[in-house]
Amino acid sequence: MTVIAGRYRLLDVLAEGATGTVWRALDGASGHEVALKESRVPPGLPADEAPALHARRERGARALARVSHPSVVRVLDVVAEDGRPWVATELVRGLTLAETLEAGGPLPAREAARVGADVLAGLRAAREAGVPHRGVEPEDVLLGNDGRVVVTGFGDAPEEAAGPKESAGPKDGADPAAELRSLGRLLEAAADDRSGPLGAVIDALLGEGPEGPVTADRAERELRRVAGGGTRTPPGGTGAVGDGARKDRGGARADGGAPGAAPGAADAPAPHRSAGEDDAAPAPGAPPGRKHKAPRRVPVLVAGVVGALLIAGALVYHAVRDDGPGAGPGAPGGVTSTVPAGSGATGADGVPATPRS
């Protein structure tokens, strides 16, 4: 079997493309299997430009080796064989996104958002190291059996090392916005539904959203929110909105205010109200149909005072009524009558008394 640089034994082909062939290889030094990429000159490139191409690819691989991020393929070694660079990377066991889509169709929106967020995190980490991606494709995204999302297929060289003749055209990755558009196209092909919040994020990545250009930081936050089952938030807002605020449902405004209300009305603080003001009026910004309820302590106190006054009045009334000449000294509280119950009994004024129970 072929051994590269006296160390890597080629086992079988994992993938082939315009830029080279990826082999599964056995590292004789560590005893572990690795992915070993063989650099290939694209068809039509003049022979005298091949050495410069290989040199750029080698520089790019060594720069990528400085990146330590779970969503960026880990470069283990860079060796040369027959004037061509061979790049050893970790062997990620799983399928590419392209293979996954071909086998099972588009991904559910939340899973697509998770993949997109991890891909974007990897792209950002690589760009910070000076290795922009020249256009991420489904074939460049590995979905590991352990749940990792790993980006491969980075550019041939750090952007600062590329000269005028080394530009790759529209996919040169010099513009961060181009990298975001590339991710938008990837998610457009991967997601099974663009009618919800994920569709709004894709529009923003493609530069087609109503909110204007989106930053990589905000795009990653929105993708993670959608992946977690949440919805997008409007710029500067704190409340979630459905469908990326692209449409209102039931006539309600996307910012939570009532239909036709001025922008920002829903976020205005409720003014201070005294106890004498109408408590039935809804507080500003409250949902229609909900009433502002005043504390109930005052009505309870008033009812208690009135009840006490009624009881006191009744007691006084009975005391005054019974405290007359016919009241006996032993009658408790003047309530029970001492008038004889006989038929000839008379009251103090000579009028026959009516017995009282």
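This chain uses plain numbering: 1 for the first residue, then up along the sequence.
The cluster map of Ile, Leu, Val, Met, Phe, Trp and Tyr, joined by side-chain heavy atoms under 4.5 Å apart, puts Val151 and Leu142 in the same cluster. Using a 4.5 Å cut-off between side-chain heavy atoms of Ile, Leu, Val, Met, Phe, Trp and Tyr, with links allowed through other members, Val87 and Leu10 fall into different hydrophobic clusters. Neither Trp86 nor Leu11 shares a network with the other; the hydrophobic side chains, linked directly or stepwise wherever heavy atoms of I, L, V, M, F, W or Y lie under 4.5 Å apart, form separate groups for each. Linking Ile, Leu, Val, Met, Phe, Trp and Tyr whenever their side-chain heavy atoms come within less than 4.5 Å leaves Val119 and Leu95 in two separate clusters. Linking ILVMFWY residues whenever their side-chain heavy atoms come closer than 4.5 Å, directly or via other members, leaves Val72 and Val34 in distinct clusters.
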Exercise. How far apart are the C-alpha atoms of Leu64 and Val67, what are their side-chain angles, what is the distance that settles it, and do they pass the side-chain contact (heavy atoms from CB on, under 4.5 Å) test?
Worked result: CA-CA 5 Å; Leu64 190 62; Val67 180; 4.2 Å; yes
For this session: Evaluate the criterion side chain to side chain donor-acceptor pair (under 3.5 Å) for residue pair Ser195 and Asp193; output intermediate values, then yes/no.
Result: CA-CA 6 Å; Ser195 62; Asp193 183 12; 2.7 Å; yes
For this session: Would you sort out whether Val22 and Thr89 count as a side-chain contact (heavy atoms from CB on, under 4.5 Å), showing the intermediate values?
Result: CA-CA 10 Å; Val22 180; Thr89 68; over 6 Å; no
For this session: Mind running side-chain contact (heavy atoms from CB on, under 4.5 Å) on Leu36 and Ile4 for me, showing each step along the way?
Result: CA-CA 9 Å; Leu36 190 65; Ile4 303 299; 4.1 Å; yes
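Proximity of Thr2 to Trp23: side-chain heavy atoms (C-beta onward) are nowhere separated by under 4.5 Å. Side-chain contact between Leu14 and Leu91: present, with at least one pair of heavy atoms (C-beta onward) separated by less than 4.5 Å. At least one side-chain heavy atom of Arg181 sits less than 4.5 Å from a side-chain heavy atom of Asp175. Between Leu186 and Pro138 the shortest side-chain heavy-atom distance falls below 4.5 Å. Using a 4.5 Å cut-off on side-chain heavy atoms (C-beta onward), Leu107 and Leu97 make contact. Residues Arg194 and Leu187 are not in side-chain contact: their nearest non-hydrogen atoms beyond the backbone lie 4.5 Å or more apart. Looking at Glu220 and Arg224, their side chains come closer than 4.5 Å, going by heavy atoms from C-beta outward. The closest side-chain heavy-atom distance from Arg148 to Asp118 is not below 4.5 Å.
Phe154 and Gly122 get closest at one heavy-atom pair: CZ-O, 4.5 Å. What you find for Pro132 and Arg127 is that their closest heavy atoms are CB-NH2, 3.5 Å. Smallest separation of non-hydrogen atoms from Val201 and Glu222: CG2-CB, 4.0 Å. Among all heavy-atom pairs drawn from Ala227 and Ala113, the shortest one is N-CB, 3.8 Å. Across every non-hydrogen atom of Leu120 and Ala219, the tightest pair is CD2-CB, 3.8 Å. In plain terms, the two heavy atoms of Ala129 and Arg66 that are nearest each other are O-NH2, 3.9 Å.
Within 6.0 Å of CD on Glu139 lie more than 12 heavy atoms contributed by other residues, nucleotides or ligands.
Of the inter-residue distances, the one linking Glu16 atom CD with Glu38 atom CD reads 9.0 Å to the nearest 0.5 angstrom. Here the CD atom belonging to Glu111 is positioned 9.0 Å from the OG1 atom belonging to Thr100, to the nearest 0.5 angstrom. In this structure, the separation between CG on Asp140 and OG1 on Thr96 is 9.0 Å, given to the nearest 0.5 Å. Rounding to the nearest 0.5 angstrom, the gap separating the CG atom in Leu76 from the NE2 atom in His32 is 10.5 Å. Between atom CG of residue Leu26 and atom OH of residue Tyr8 there is a gap of 10.5 Å, rounded to the nearest 0.5 Å.
Of the candidates Arg57, Arg56, Glu58, Arg57 is the only one forming a side chain to side chain donor-acceptor pair (under 3.5 Å) with Ser39.
A salt bridge does not link Arg124 to Glu128: none of the charged side-chain nitrogens sits closer than 4.0 Å to a carboxylate oxygen. Salt bridge Arg7/Glu81: absent, no basic N to carboxylate O contact under 4.0 Å. The pair Glu188-Arg185 does not meet the salt-bridge criterion, since no charged nitrogen lies less than 4.0 angstrom from a carboxylate oxygen. Taking 4.0 Å as the cut-off between side-chain N and carboxylate O, Arg93 and Asp146 do not count as a salt-bridged pair.
For His133 (side chain) and Gly153 (main-chain N/O), a donor-acceptor pair under 3.5 Å exists by modelled atom type.
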